[in-house]
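The structure under discussion appears below in the form of structure tokens.
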Amino acid sequence: MHPSATPTGRPRPAAGHPDVLVIGGGVIGLVTAWRAAGRGLRVAVADPAPGGGAASVAAGMLAAVTELHYGEETLLGLNLASARRYPAFTRELEEASGQETGYRPCGTLAVALDADDRAHLRELHALQVRSGLDSQWLTGRECRRLEPMLAPGVRGGLRVDGDHQVDPRRLASALLTACERAGVVFHRAWAERLLVAGGRAAGAELAGGTRVAAGQVVLAGGSRSGRLAGVPEAVLPPVRPVKGQVLRLRLPDALPGGQAFLSRTVRAVVRGNPVYLVPRESGELVLGATSEELGWDTTVTAGGVYELLRDAHELIPGITELPLTECRAELRPGSPDNAPLLGPTELPGLHLATGHFRNGVLLTPVTGDVLAEVLATGAVPEAARPFSPARFSPADRGAARARTLEEQPV
Ligand code: GLY
């Protein structure tokens, strides 16, 4: 092989520079870096605090079936493909990092509390059945038999045994260690400007002025991805921040009789507001989440906490007895069609892995595999073709740009 070629023959930058610079060290950036390093590429990541970002607050539901929405059938295919990869992906990651990821194949129960919620859930069930998904309608009594802490007023529900969970903080920590062990270099600073040379992406200038040259660049900056200076307007990703407030509580060791407080994820739409409770084997109970279009604001508000606790209390009255250990907010990277932007842009050498919105943790395995393939071979895998960054119009980009530039991120 020519010394200036990557293992797959793609151009390699001068000695000492990485083949790939990943901008953003959340779970999406880290999985991209880890998988690309696994393909023999030299990889660097720029992020002041790798392992942070939206996933550090997320509940980690792998809810391809229970979070299905009308009009998102194409996204469903990618979500299911990623969910299927989770068992092998977490096994491989745990081996590479020596750390646990908290993957728990526990299933999900989505319940309804009143007639409107029940009608909504019936429609979701019909959509799931039409989409060929495994979802079973239960009466309120059957729901309470599965989860005795549910309120007596529960009117019915959907049992989805294939929607599981992972602990996103453990996942991020394991990815960080796996990257370090695979030789990924970390620059603990924000990337402030994309460098373009000879009509292609050539690296980035970091806060403090350091320049990192690279053969290819992946923009995986979550909700900030639309703000990187130097990215030509025509390829800037149309992502916007969507705030989610999330609470953490501590589960009791066991209830009288040895019964778990909750044995699976429980979710509902209470008077139009989605609420979910994710019980971990570690004893953590995650309660989420608001969905607020408030720009870069990450304030935890009394109203947000009140509404989450109020809705969760209607669902599981015993929740108010539990210690409340954490209240935080983070920003999901929303895109115009709620689906991610994956793969090459029209600027040679610049790739996107962003816009994952509600599904960043779920889509982590498939994103890593897709981006590694693109970076190593230049070919976009079939599964990722509908998610090309080129699918958005200049108007989509302009609207998103106006919103992301409204104020500074905090
Ligand atoms: N997928 C859960 C959320 O975005 O709140």
Side-chain angles (χ1 to χ4, degrees), residues 26-28 52-72 75-76 78-80 82-83 86 102-104 106-111 120-121 124 128 133 158 160 162-169 171-172 222-223 239-249 262 264-270 272-280 284-294 297-298 300-301 304-305 307-309 311-312 315 326-340 354-367:
V27 289
I28 295 298
S56 63
V57 166
M61 288 179 299
L62 308 175
V65 177
T66 42
E67 279 201 12
L68 177 62
H69 287 76
Y70 280 104
E72 295 186 3
L75 176 58
L76 171 66
L78 192 71
N79 286 346
L80 289 172
S82 204
Y86 246 98
Y103 175 67
R104 186 179 181 197
C106 60
T108 295
L109 184 64
V111 301
H120 170 93
L121 209 56
L124 174 62
Q128 291 167 336
L133 302 170
L158 295 176
V160 177
D163 274 2
H164 303 314
Q165 61 155 300
V166 71
D167 183 336
R169 291 178 180 172
L171 179 71
S223 57
V239 293
R240 67 183 198 284
V242 182
K243 176 178 169 182
Q245 300 191 47
V246 178
L247 315 183
R248 282 175 161 77
L249 301 97
L262 287 180
R264 73 202 74 217
T265 297
V266 171
R267 52 186 304 149
V269 176
V270 181
N273 298 320
V275 62
Y276 46 81
L277 293 126
V278 182
R280 301 220 197 284
E284 181 178 78
L285 178 65
V286 186
L287 163 52
T290 66
S291 193
E292 303 165 77
E293 302 266 358
L294 290 173
D297 172 51
T298 52
V300 174
T301 62
V305 174
E307 283 170 22
L308 286 171
L309 287 173
D311 294 346
L315 206 57
E326 188 184 298
C327 307
R328 279 186 60 189
E330 258 297 349
L331 301 171
R332 305 173 183 88
S335 79
D337 61 4
N338 300 337
T354 188
H356 292 71
F357 192 36
R358 295 186 237 99
N359 298 307
V361 176
L362 171 59
L363 290 173
T364 294
V366 77
T367 299

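Atoms within a ligand are numbered from 1 in the order they appear, just like the ligands themselves. In this chain, residues are counted from 1 in sequence order.
- Short contacts between ligand 1 and A289, defined as distances under 4.0 Å to a heavy atom of the residue, involve ligand atoms 5 (O).
- Proximity to M61 (heavy-atom distance under 4.0 Å) selects the following atoms of ligand 1: 2 (C).
- Side chain to side chain, E72 and N338 meet the donor-acceptor criterion of an N or O pair below 3.5 Å.
- For atom 4 (O) of ligand 1, the nearest non-hydrogen atom of the protein is R332 NE, 2.8 Å.
- Ring geometry, Y103 versus H164: the interplanar angle exceeds 60°, so the pair is classed perpendicular (tilted spans 30 to 60°).
- Counting atoms of ligand 1 from 1 in the listed order, those under 4.0 Å from a heavy atom of Y276 are 2 (C), 3 (C), 5 (O).
- The closest approach between any non-hydrogen atom of F357 and ligand 1 is not below 4.0 Å.
- Side-chain contact annotation: T301 with Q245, donor-acceptor N/O pair under 3.5 Å present.
- In this structure, R104 does not pair ionically with E284, as no charged nitrogen and carboxylate oxygen lie closer than 4.0 Å.
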TODO: For T108 and V65, run side chain to side chain contact (heavy atoms under 4.5 Å, CB included): C-alpha distance rounded to whole Å, both residues' side-chain angles, the deciding distance at 0.1 Å, then the answer.
DONE: CA-CA 9 Å; T108 295; V65 177; over 6 Å; no
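- Counting atoms of ligand 1 from 1 in the listed order, those under 4.0 Å from a heavy atom of R358 are 1 (N), 4 (O).
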